[in-house]
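The block underneath contains the structure these notes are about, expressed in structure tokens.
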Amino acid sequence: SLNNKLEGIYAYGCAISHLPATFFINMTGLKEVFLYSNQPKTLPVCLGSCGLETQPSLTYLRFDSNQIEYIPYTFLMNSPVVTTIRLYYNKLKEILNIGYCKQSLVYLNFKGNEITSAPLQSFLAENENASSASPCALTHLYLENNKLSTINDSVMELLVNLDTLD
């Protein structure tokens with residue numbers, strides 16, 4: 001099917017206001033998603049069909065300059081090899097849970113949102129607790145121009161590979 005062969009979605013400046021829950025289902029060949037300068041307020045519950053199908057090739061997500069206020073906890077559940085996520089200039093109040101892809105994700109950009117805290121839970125894999133947590137692969141984390149005043153020491157202990165914190 002066409003969905004299996006589709007490697008990229010490039011829809012920027014298209015005034016997209018809603019992404020249906022089934023938007024990414026059966027797109028197993030997908031490598032990149034560029035949906036920036038649109039108007040969605042939330043993202044689908046997960047990329048794929050929540051627990052039934054993975055996105056084995058998806059490495060790059062760009063959702064910047066939208067109106068995104070909320071990202072479901074399970075959004076990255078089926079995306080274990082994502083390396084780059086760009087969510088700057090949205091209206092997010094919470095950091096996306098990166099636990100599902102913490103071993104592959106190296107670049108995360110949240111600048112220009114309304115984030116007030118960076119909870120440890122956002123950096124833990126499913127069924128992982130703080131005392132036995134493995135480090136994140138993140139090398140670049142951008143949080144400037146948010147409402148964040150501090151980052152918990154427990155979070156920083158997981159970010160041992162960080163080269164850039166801005």
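Here, residue 1 is the first one in the sequence, and each next residue gets the next number.
- Heavy atoms from other residues, nucleotides or ligands lying under 6.0 Å from NZ of Lys111 number more than 12.
- Remark: Ser79 OG to Leu105 CG distance equals 11.0 Å, nearest 0.5 Å.
- Hydrophobic clustering keeps Leu61 apart from Val81 (ILVMFWY residues linked when any side-chain heavy atoms are closer than 4.5 Å, directly or through intermediates).
- You'll find the ring centres of Phe34 and Tyr60 inside the 6.0 Å limit.
- Counting only residues at least two apart or on different chains, the ring pair (Phe, Tyr, Trp, His ring centres under 6.0 Å) pairs with a member in residues 126-166 are Tyr107-Tyr142.
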- Query: Could you walk me through whether Leu141 and Asn109 pass the side chain to side chain contact (heavy atoms under 4.5 Å, CB included) check?
  - Reply: CA-CA 6 Å; Leu141 177 59; Asn109 193 327; over 6 Å; no
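- Side-chain heavy atoms closer than 4.5 Å link hydrophobic residues (I, L, V, M, F, W, Y) into clusters, and following such links, even through other members, never connects Tyr70 to Leu19.
- Distance CG/Leu35 to CZ/Phe23: 5.5 Å, rounded to 0.5 Å.
- Between Val155 and Ala118, the shortest heavy-atom contact is CG2-O, 3.3 Å.
- Considering all non-hydrogen atoms of both residues, Leu124 and Ala130 come closest at CD1-N, 4.1 Å.
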- Message: Could you go through Leu138 and Ile98, starting from their C-alpha distance and side-chain angles, then the distance that decides it, and tell me whether this counts as side chain to side chain contact (heavy atoms under 4.5 Å, CB included)?
- Response: CA-CA 10 Å; Leu138 271 179; Ile98 65 163; 4.0 Å; yes
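- Note that CE of Met156 is 5.5 Å distant from CD1 of Ile151, once rounded to the nearest 0.5 Å.
- Take Tyr36 and apply the ring pair (Phe, Tyr, Trp, His ring centres under 6.0 Å) test, not counting sequence neighbours, and it matches Tyr12.
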- Task: For side chain to side chain contact (heavy atoms under 4.5 Å, CB included), just list the numbers for Leu87 and Ile68, CA-CA rounded to whole Å, side-chain angles, deciding distance to a tenth of an Å, and then say yes or no.
- Result: CA-CA 9 Å; Leu87 281 158; Ile68 300 170; 4.2 Å; yes
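- Checking side-chain atoms of Lys102 against main-chain N and O of Phe123 turns up a donor-acceptor pair under 3.5 Å.
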Report all side-chain donor-acceptor pairs from residues 158-166 shorter than 3.5 Å, counting only partners two or more places apart or in another chain.
unit_1 : atom_1 : unit_2 : atom_2 : d
Asn161 : ND2    : Cys136 : O      : 2.9

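- Across Ser57 and Gly29, no two heavy atoms sit closer than the pair CB-O, 4.1 Å.
- Note on Val45 and Met27: separate hydrophobic clusters, where clusters join Ile, Leu, Val, Met, Phe, Trp and Tyr whose side-chain heavy atoms are under 4.5 Å apart, directly or indirectly.
- Checking side-chain atoms of Asn66 against main-chain N and O of Asn38 turns up a donor-acceptor pair under 3.5 Å.
- Once rounded to the nearest 0.5 Å, the distance linking CD of Gln55 with CG of Leu76 reads 11.0 Å.
- Following chains of ILVMFWY side-chain contacts shorter than 4.5 Å, one cannot reach Val106 starting from Tyr100, and the two form parts of different hydrophobic clusters.
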- Message: Quick one, Asn152 with Leu120, criterion side chain to side chain contact (heavy atoms under 4.5 Å, CB included). Give me CA distance, side-chain angles, the key distance, then yes/no.
- Response: CA-CA 7 Å; Asn152 186 303; Leu120 178 61; 5.8 Å; no
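- A side-chain hydrogen bond (donor to acceptor under 3.5 Å, both in side chains) check over residues 87-99, counting only residues at least two apart or in different chains, returns the pairs Arg62-Tyr88, Asp64-Tyr88, Gln67-Lys91, Tyr73-Asn97, Arg86-Tyr88, Lys93-Glu114.
- At least one donor-acceptor pair closer than 3.5 Å links the side chain of Thr83 to the backbone N or O of Thr59.
- Residues Val33 and Phe24 are in side-chain contact: their nearest non-hydrogen atoms beyond the backbone lie under 4.5 Å apart.
- Linking ILVMFWY side-chain heavy atoms closer than 4.5 Å, directly or via other members, places Ile16 and Ile9 in a single hydrophobic cluster.
- Partners of Ser134 according to the side-chain hydrogen bond (donor to acceptor under 3.5 Å, both in side chains) rule, which considers only residues two or more places apart in sequence or in another chain, are Gln103, Glu128.
- Interatomic distance, NZ of Lys31 versus CD of Glu7, reported as 4.0 Å (0.5 Å rounding).
- Taken to the nearest 0.5 Å, the CD atom of Gln121 stands 13.0 Å off from the CD1 atom of Ile95.
- For Asn129, the side-chain hydrogen bond (donor to acceptor under 3.5 Å, both in side chains) partners at least two apart in sequence or on another chain are Ser131, Ser132.
- Within the 3.5 Å criterion, the main-chain N or O of Gly112 finds no donor-acceptor partner in the side chain of Asn145.
- Across all non-hydrogen atoms, the minimal contact from Pro80 to Ser104 is O-OG, 2.9 Å.
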